[in-house]
Structures are given as structure tokens and as C-alpha cells.
Amino acid sequence: MGILARTSTLMRAKMNRLLDRAENPSETLDVAYDKQIEMLRNVKRGVVEMVSTKRRLELQAGKVQDNISKLDAQARQAMDMGREDMARLALERKQHAITELQDLDQQISGLELEQEKLTKAEQRLQAKVQAFRTKKEIIKAQYKAAQAQVRIGSALSGISEEMGDITLSVERAEDKTEALRAKSGAIDELAESGVLNMDIDGKDDISRELDKLSANAEVENELAALKASVSEKKSLPEGQS
Amino acid sequence: MIVRILTEGQYRLPGSFIDQLNEVDNKIVDVVEQEDETGFQKLLIEMLDLVRNNGTEVGMDELVESDIVLPEPDITLIEAEELFTGEGIVPG
């Protein structure tokens, strides 16, 4: 059995659960419609949650960005005061903050993608639910007609499949958001307890050491540039800058 | 026939494409078995594009059941493996 057959079977299994109550046709239609409305509300809530998670990450990114500017200013200040050790420390922290910011930016764009997908799913469901409602009323009005039963069947299986699919979309979006939220929560906690940076990235010793080496080089480069600009300033005559 | 791409939507695809779909499907079984992630992603896109490029989207207000269901575009090899070993699915 290939992947086509397996996904189809999976889909059908999800659908059957939604169709379980299909006994009294007229009642079934109303129950199904209620379920759809409930699901639509859930999807909308999912989108709202995603937006707020994204906003939270953006706030964090803003804070980290501020931190970077602050550390940069501190490094300059320290160098002005002739404290190379302090400047180095500030620049090291700045490097960590930059890595963190890149990480956050990546998470934000990941979340944007999920949000877009879920919004599309919401629009699709909205349209399908509307179509179902129209169909439901027509079928109810013509219920005595012989084909009503058949029509109920096809309308229900169509919408059930749609709902099964939306359920899957929501589950996937939620899993991804949850993972991002857990990560951003971890950053928050670390920031609060003052042990920010490292070890939350799940990197091994070697890659961390490599990161450190390249960060060191960045620090040395900036340090050299700072030194140069300071000595330049000092060599200028009074009154000029 | 009606084809659904999970989490994406439904398409109307001429029945003549079923052989091509099955062909890619068989190849997917092989790469999943070999745990070949690159091969898997390549074939998955091939399969989805076959439907996207040759089918027409089912209207937003239409309620129809699908004849075939394709996996979601962001399915990973690991998830596909789980699908193949998952509970409740009869092995073929």
C-alpha cells in the first residue's frame, strides 16, 4: 500500500468519527452544522493565538535589539574609559544577543507562514460552512423527496472531509506554535534568571566552540576598529573631532 | 476525479493521471523505506505538482468527497514513516 492509500485511509478514519451520529437525517444536518460553527470558532481562536504569540516574539526581538544597541554603547564607553576588558565583555554579550535576534527573527517568519496557512484554512472553512447551510436548508425543505437521503449523504461526507482536513491543519499549526512558544518561554525564563545565552540551542560542544571562535574573531575585529577610532580621536588637536 | 491535498484543498483532476500518480506513489514507498529524505521531498513535490499543474481547484462553496487524498505539503520523512507504520492502518 502506497502513501496515497494510507493518507486516504487516514482521512476516512477522521471523517467517520464526524459522521458517527448520522441517524436521523434532519437532526444530523443541524448537529453537523453546529459542529461546523464550533470548529470555525476554534480555527478563528487558533489564528488569534498565533497572532499573539507572534506579537510576543516581536516584543522579545525588540528588547533584544535594544539590548544590542545598549551593549554597543557600553563597549564604546568602556573603551573611551580605557577599559578594554569591559569593552570586550560588552561586545561578547552583543554577539550573543545578535545570534539570539537572528533566532527570533527566524521564528517570527516561521510563525507568519503558519498564520497565513491557518487564515487560508479559516476562509475555506467559512465558505464551505456557508455552502453547507444553504444546502441543508434546501434539503430540509425538500426532505420528502426521494433523493433527500442521498443528498444528505453527499453533503455530509463533503463537509466532513473538509472538517477532517481543517482539523489536521489546526493540529499542525498548533504543534508548530507550541514548539515556538516553548522556545520563547525558555528565553524569557533565562533572561529573568540572568543566565541568558547558550545551552538552549541544543548545540554540541564542538559547534559551540566553533561559534565561540567566530564570535571571538568578530569581537577582536570590532575591538581593533574601536581602538583605531579612539586613538584617531586622541591624536586630533583640541577642539576638533 | 476529485483529489485532495491535505491542508491545502481539493482539485479536479482528469482520471487519466491516476497512472502517473501511482507511479510516483510507488517510488515514494521505496524512498521512505530507504529513509532517503532528499528523494522523498523531491517525489512529494513531483506528486503534488502533478495535481496542482494539471487539475483545477474545486470551488470554495462546493462540497464534494475526494477520490484520492495526498499528504500535506510539509509532511516530513519521519511523519511519512509513521504513516506507514501507524496504528489502525492495515498494511498492504
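Just so it is clear: chains get the letters A, B, ... in the order the sequence lines come, proteins before strands, and each one is counted from 1.
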Taking every non-hydrogen atom, the tightest pair across [X] and [Y]:
X	Y	answer
K117(A)	D74(B)	NZ-OD2, 3.2 Å
S157(A)	E65(B)	OG-OE1, 3.1 Å
I3(A)	M47(B)	CG2-CE, 4.1 Å

Counting only N and O atoms by type, is there a donor-acceptor contact under 3.5 Å from the side chain of K128(A) to the main-chain atoms of D61(B)?
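Flag not set: sc K128(A) to bb D61(B) has no pair under 3.5 Å.
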Output yes when a side-chain donor or acceptor of E162(A) lies under 3.5 Å from a complementary backbone atom of L63(B), and no otherwise.
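Answer holds: no.
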If I measure from the heavy atoms of chain A, does [X] come under 4.5 Å with its side chain, its backbone, both, or neither?
X	result
E8(B)	backbone
V64(B)	backbone
I2(B)	neither
N26(B)	neither

Between OG1 on residue T7(B) and CD1 on residue I166(A), distance to nearest 0.5 Å:
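Answer for the OG1-CD1 pair, T7(B) versus I166(A), is 9.5 Å.
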To the nearest 0.5 Å, tell me how far I28(B) CD1 sits from R6(A) CZ.
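It is 12.5 Å, given to the nearest 0.5 Å.
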Taking atom CD1 of I78(B) as the centre, report whether more than 12 heavy atoms of other residues, nucleotides or ligands fall under 6.0 Å from it.
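Atom CD1 in I78(B) is not crowded, with 12 or fewer foreign heavy atoms closer than 6.0 Å.
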Between K120(A) and chain B, which part of the residue has a heavy atom less than 4.5 Å away: side chain, backbone, both or neither?
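Neither; nothing under 4.5 Å.
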Within the structure provided, determine whether M11(A) and S66(B) are in side-chain contact (heavy-atom separation under 4.5 Å).
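Counting from C-beta outward, M11(A) and S66(B) never come under 4.5 Å.
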Using side-chain heavy atoms (C-beta onward) and a distance below 4.5 Å, is Q126(A) in contact with M60(B)?
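No, their side chains stay 4.5 Å or more apart.
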salt_bridge(R172(A), E79(B)) N-O dist < 4.0 Å:
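Yes, this pair counts.
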SB check D165(A) R4(B) (cutoff 4.0 Å):
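Salt bridge between D165(A) and R4(B), a charged N being under 4.0 Å from a carboxylate O: yes.
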side-chain contact (heavy atoms from CB on, under 4.5 Å), paired with T7(A), selected from I75(B), L83(B), I5(B), L70(B)
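Result for side-chain contact (heavy atoms from CB on, under 4.5 Å) with T7(A): L83(B).
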The single option from V69(B), V3(B), N22(B) passing side-chain contact (heavy atoms from CB on, under 4.5 Å) against L4(A):
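So, applying the side-chain contact (heavy atoms from CB on, under 4.5 Å) to L4(A) and each of V69(B), V3(B), N22(B), only N22(B) qualifies.
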